[in-house]
Amino acid sequence: MPELPEVEIVRQSLNKKINGKIIKKVIVKNRNLRFKVPLNFTSVLENKRVIKVDRFSKYLIIFLSNNHVCLIHLGMSGTIHLVYKKNKNLITNTSFYHSPTLPKKHNHIEIFFDDLKFVYNDPRRFGYFEIIKNSKLLKIKINKFGPEPFSTKFNFEYLYSFLKNKEKNIKNFLLDQKFVSGIGNIYASEILHLSKINPDKKGKNLTKKELKKILINSKKILSKAIHKGGSSIKDFRNISGSKGEYQNNFKVYQRAGLKCKRSSCKGIIKKKNISNRSTFLCNFCQK
DNA sequence: AAGAGGCCCTGATAGC
DNA sequence: TGCTATCAGGGCCTCT
């Protein structure tokens, strides 16, 4: 589900709700995610304070008072729900308010605070939780990824030297987290449409002007998506249960057969498969 | 090294 | 109604 903007929306609301609070209890109901929830997960988290909820790329990063870091990836279908408590003194499930948006199946992890519980739900189990021992090790992990579009490292020289000899198409590069971090299948199509670049165009064939457009437009699309609360294709909700709005701004994604939204363009949006991921484009204005 | 493809998993939807 | 096929916001792993 979530690309950088959606994860950022989750981070913002999560930071407001659990920052500074003590984790009273952790229940792992189903350890099976993409990677097994680590065996020490419960003991590392219990009775620790949440210092801060951060984000890198599509990862949520929870800093704990014991210097450990909990890294969360939501995969395709991971969602976090907060359920509020009627009575602060009790830590039993009967003391929670009914939450209509909380799914009944696939709730894998529950993290209890005094006044609420954090529930991780993931039907497809492509998400995962990881414990990292300190922020130095976290940095090492993060450094293996390419820069985020907002980073100063994501600049013309970087793009040019990375792509100049490459046969692979630009759509796949935008999805390649070792090249750039945080872009997924929706925003890759949107960025390329705004940049008037055909997704099949090889890295080595991109002009300098096109590289500059990718730089500018990846920032532009992602920041606008964050501003609009992310995209809710199927069921993305922020922690408070409300939908994002950016899907109303899609120019190509899930618009196959409809008119290109670029003013003065007469094209019709097409859907095609690139490396087994659906890709949307207007081959009239994307050359 | 770079690139292509399979695969992990459940659920929604379409078509017969 | 019920079967089967296809597709979904991600990314790791293996093979060439």
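All values below were derived from every heavy atom in this structure, side-chain atoms included, with hydrogens, water molecules and symmetry-related copies excluded. To find a chain, count down the sequence lines: A is the first, B the second, and so on, and within it residues start at 1.
For the OP1/OP2 pair of B:dG5 and a distance below 4.0 Å, the side-chain nitrogens and oxygens of A:N276 include no atom meeting the criterion. The phosphate of C:dG9 (OP1 or OP2) has a side-chain N or O of A:S278 nearer than 4.0 angstrom. Note on A:Y253: a side-chain N or O is less than 4.0 Å away from OP1 or OP2 of C:dG9. Contact annotation: A:H73 side-chain N/O to C:dG10 OP1/OP2 distance is not under 4.0 Å. In this model, the phosphate group of B:dT10 is not approached by any side-chain N or O of A:K105 to a distance below 4.0 Å at OP1 or OP2. Side-chain N/O atoms of A:R34 include none lying less than 4.0 angstrom from OP1 or OP2 on C:dG10. Contact annotation: A:K271 does not reach the phosphate of C:dC7 (side-chain N/O to OP1 or OP2, under 4.0 Å). Within the 4.0 Å cut-off from OP1 or OP2 of C:dG9, not a single side-chain nitrogen or oxygen of A:S231 is found. A sub-4.0 Å separation between OP1 or OP2 of C:dA8 and a side-chain N or O of A:R277 is absent.
Here C:dG9 is the nucleotide among B:dG3, C:dG9, C:dG11 with the atom lying nearest to any side-chain atom of A:I233. When distances are taken from the side chain of A:K58 to each of B:dA2, C:dG11, B:dG11, the shortest belongs to C:dG11. Proximity note for A:P123 (side chain, C-beta onward) versus C:dC12, B:dG11, B:dC9: the nearest is B:dG11. Nearest to the side chain of A:M76, among C:dG9, B:dT10, B:dG3, sits C:dG9.
With respect to the salt-bridge test (charged N to carboxylate O, under 4.0 angstrom), the residues A:D54 and A:K52 qualify. In this structure, A:R11 pairs ionically with A:E8, as a charged nitrogen and a carboxylate oxygen lie closer than 4.0 Å.
For the pair A:L174 CG and C:dG11 C1', the computed distance is 16 Å after rounding to whole Å. With rounding to whole Å, A:I186 atom CD1 is found 5 Å from C:dG9 atom C1'. Nucleotide B:dA1 holds its C1' atom 12 Å from the NZ atom of A:K168, rounded to whole Å. Rounded to an integer number of Å, the gap from A:N107 CG to B:dG11 P is 12 Å. One interatomic measurement links the two molecules: CD1 of A:I274 to P of B:dA4, which rounds to 11 Å at whole-angstrom precision. When rounded to the nearest whole Å, the span between CG of A:L175 and P of B:dA4 equals 13 Å. A:I72 places its CD1 atom 18 Å from the P atom of C:dG10, with the value rounded to the nearest Å. Residue A:F35 contributes atom CZ, which lies 11 Å from atom C1' of C:dG10 at whole-angstrom precision.
The aromatic rings of A:H108 and A:H106 sit parallel to each other, their planes meeting at less than 30°, with 60° as the upper class boundary. Aromatic ring orientation, A:F156 versus A:Y160: parallel (interplanar angle below 30°, classes split at 30° and 60°).
Remark: the A:R124 side chain and the B:dC9 base include a donor-acceptor N/O pair separated by less than 3.5 Å.
Taking both residues in full, the closest heavy atoms of A:V7 and A:P2 are given as CG2-CB, 3.7 Å, listed atom of the first, atom of the second, then distance.
Remark: A:K171 fails to qualify as a cation-pi partner of A:F173 under the 6.0 Å distance and 45° angle criteria applied to the six-membered ring.
In terms of modelled atom types and a separation under 3.5 Å, the side chain of A:S77 and the main chain of A:R124 share a donor-acceptor contact.
There is no side-chain donor-acceptor pair under 3.5 Å between A:S195 and A:H193.
In A:K219, the NZ atom is crowded: over 12 heavy atoms of neighbouring residues, nucleotides or ligands sit closer than 6.0 Å.
Comparing the C1' positions of B:dG11 and C:dC12 gives a spacing of 23 Å, expressed to the nearest Å. One C1' atom belongs to C:dG9, the other to B:dG3, and the distance between them is 23 Å to the nearest Å. As rounded to the nearest Å, B:dC9 and C:dC3 have P atoms that lie 23 Å from one another. Nucleotides B:dC7 and C:dA5 have their P atoms positioned 16 Å apart, rounded to a whole Å.
Both thresholds, 5.5 Å between centres and 30° between ring planes, are met by A:F126 relative to the base of C:dG10, so the two rings are stacked.
If you find the closest nucleotide of DNA chain B to A:H106 and to A:N169, the one lying nearer the 5' end belongs to A:N169.
Stem list for DNA chain B (at least 3 consecutive Watson-Crick or G-U pairs, distances under 3.5 Å): B:2-8 with C:10-16, B:10-16 with C:2-8.
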